[in-house]
Amino acid sequence: MMRTLGVAVVGFGWMGRVHTQAYARVPHHFPGLALRPALVAVADEVPGRAEEAADHYGFATAARDWREILADPRVEAVSVTAPNFLHREIGTAVAESGRHLWIEKPVGRDAEDARAVADAVAAAGVRGAVGFNYRCAPAVVAARELIASGELGDVTHARVRLFSDYAAHPESALTWRFERERGGSGVLGDLASHGVDLARFLLGEIDALAADSAVFVPRRPRPDGATAGHTRAAGGDLGPVENEDYVSCLLRFASGARGVLEACRVSVGEQNNYGFEVHGTKGAVFWDFRRMGELGVSRGTGYQDQPVGTVYVGPGAGEYGAFQPGAANGMGYDDLKVIEAYDFLRSIADGASYGATPEDAVRAATALDAMARSAASGGWVAVGG
């Protein structure tokens, strides 16, 4: 029997819109889901933003204070897409109120924040989901299955990259993302968190690492008003960038495999150049987010001079079949968030975890904290140690 689930969104910048649109699309792509999300409430502290969201998307109520949402008995699940420094306060409050929680990565400013949210979710017995969307790509799911099958042999080494230019312009506004107190880490939390999740999703746990980081644009102009996404503030007073633009990291996995993770938010000429290369004793697999439905695969018995072929994933790879009827039809970023929403909602319906959980956020944040310690000390650091 179909049941309606009242949902709310806290924070209505770009990611708040993505979550809202994902809720609206879930019934179209997954008509067999036992829950039908209903947009009950939206909250954003910027004057007029929540009201605009309600008018555009059909939320029943709008508020400036997120606490009003938790006083609404119609709300059963909450998306938290507010800035990092609010993740812990809002995320724990949502769970403690008995609501299910879909929260964006990195779930706070550090592993302590992420653990507080995960503990609150576990203690309340509610379902929790985290916005590690790249693991939802059908080709990534197919790559994971290929690795697990043993067709590539034993994994020897891997590389994960996340290069972007969203903060490359020197006039990019000095928003909360560049501040330690409100943003926590910089590209570590913004992009490397996705890289750690992809590495763990594909290859298992990380035992130890050695990292280096740098700030390449040390001063940026302060914005003179509310911002959303990555905006520019030409002519504003300059202030210091307090967290890293770039990180590179050597990884040692529990399996014995080695890895390299590199992320940068100021890579001129790079637009969402995210992907991985995984090498094994018998083959390799390659993925580029910009060609999301393709895998480069090398397998066989040739070893030396063994060719790489292109595989276009189709129905049967992850949730691809919910979007397209045949291989090589394109999917996009927003489709990955629809899959996230579906996993969150079916976790609530079934009482079992699907997709990335708050525990995954804790594991990722623990690795990110280890990277920060390693970059400061200049040496290898045990993850969690």
Side-chain angles (χ1 to χ4, degrees), residues 4-26 37-94 97 99-109 129 131 133 166-167 169 171-179 181-184 189-190 220-237 239 333-334 337-338 340-341 344:
T4 298
L5 183 84
V7 301
V9 176
V10 176
F12 212 80
W14 169 67
M15 188 55 71
R17 292 195 299 275
V18 172
H19 275 232
T20 301
Q21 291 162 179
Y23 282 129
R25 290 178 58 194
V26 162
L39 301 177
V40 171
V42 57
D44 194 291
E45 66 177 8
V46 176
R49 186 179 283 175
E51 290 78 7
E52 182 181 352
D55 288 343
H56 189 76
Y57 291 101
F59 287 98
T61 59
R64 288 189 62 183
D65 189 338
W66 58 266
R67 296 168 186 83
E68 293 181 29
I69 283 176
L70 299 188
D72 189 335
R74 298 171 299 172
V75 174
E76 300 171 83
V78 180
S79 278
V80 176
T81 62
N84 297 354
F85 68 97
L86 295 172
H87 284 185
R88 178 172 182 167
E89 180 185 8
I90 302 176
T92 55
V94 168
S97 74
R99 272 82 172 191
H100 305 287
L101 174 68
W102 179 14
I103 186 168
E104 271 306 311
K105 42 61 63 180
V107 190
R109 293 166 291 187
N133 47 273
Y166 64 79
H169 202 290
E171 293 178 356
S172 293
L174 189 71
T175 64
W176 60 267
R177 294 180 183 276
F178 300 98
E179 300 174 3
E181 183 177 352
R182 296 195 296 166
D190 227 14
R220 297 180 181 275
R222 302 181 190 278
D224 58 7
T227 61
H230 306 288
T231 57
R232 286 162 60 179
D237 294 335
Y333 176 92
D334 285 13
K337 303 305 280 191
V338 175
E340 266 190 53
F344 176 47

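Note that these values count all heavy atoms, side chains included, but never hydrogens, waters or copies made by symmetry. All values reported here derive from a predicted model rather than from experimental measurement.
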- Task: Apply salt bridge (Lys or Arg N to Asp or Glu O under 4.0 Å) to the pair Glu89 and Arg67, showing each step before the final yes or no.
- Result: CA-CA 11 Å; Glu89 180 185 8; Arg67 296 168 186 83; 2.9 Å; yes

Going by an N to O cut-off under 4.0 Å, is there a salt bridge joining [X] and [Y]?
| X | Y | answer |
| --- | --- | --- |
| Lys337 | Glu340 | yes |
| Arg177 | Asp190 | yes |
| Arg109 | Glu179 | no |

Where [X] and [Y] come nearest, the two heavy atoms and their spacing:
| X | Y | answer |
| --- | --- | --- |
| Val42 | Ala50 | CG1-O, 3.5 Å |
| Asp44 | Val46 | OD1-N, 2.9 Å |
| Asn84 | Gly183 | ND2-O, 3.1 Å |
| Leu5 | Ala77 | CD2-CB, 3.9 Å |
| Phe178 | Ala173 | CE1-O, 3.2 Å |
| Trp102 | His19 | CE2-CE1, 3.1 Å |

Short question: side chain of [X], backbone of [Y] - any donor-acceptor pair under 3.5 Å?
| X | Y | answer |
| --- | --- | --- |
| Arg99 | Val75 | yes |
| Glu68 | Ala63 | no |
| Arg220 | Ala167 | yes |
| Thr81 | Gly11 | yes |

- Aromatic ring proximity, centroids under 6.0 angstrom, Tyr333 and Trp14: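 Yes; Tyr333 has its ring centre under 6.0 Å from that of Trp14.
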
- Would you call the rings of Tyr23 and Phe344 parallel, tilted or perpendicular if under 30° counts as parallel and over 60° as perpendicular?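 Ring orientation of Tyr23 relative to Phe344: tilted.
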
- Show your reasoning for whether side-chain contact (heavy atoms from CB on, under 4.5 Å) applies to Asp72 and Val40. CA-CA 9 Å; Asp72 189 335; Val40 171; 3.8 Å; yes

- Query: How far does OG1 of Thr20 sit from OH of Tyr57, to the nearest 0.5 angstrom?
  - Reply: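 Going from OG1 on Thr20 over to OH on Tyr57, the span is 6.5 Å.
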
- Query: If you round to the nearest 0.5 Å, how far is CH2 of Trp176 from CD of Glu181?
  - Reply: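 Answer for the CD-CH2 pair, Glu181 versus Trp176, is 13.5 Å.
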
- Item | Modelled atom types, side-chain donor and acceptor of His87 and Glu104, under 3.5 Å |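 The answer is no; no qualifying pair exists.
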
- Message: Take a 6.0 Å sphere around CD of Glu45 and say whether it holds more than 12 heavy atoms from other residues, nucleotides or ligands.
- Response: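 Open: at most 12 neighbouring heavy atoms sit under 6.0 Å from CD of Glu45.
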
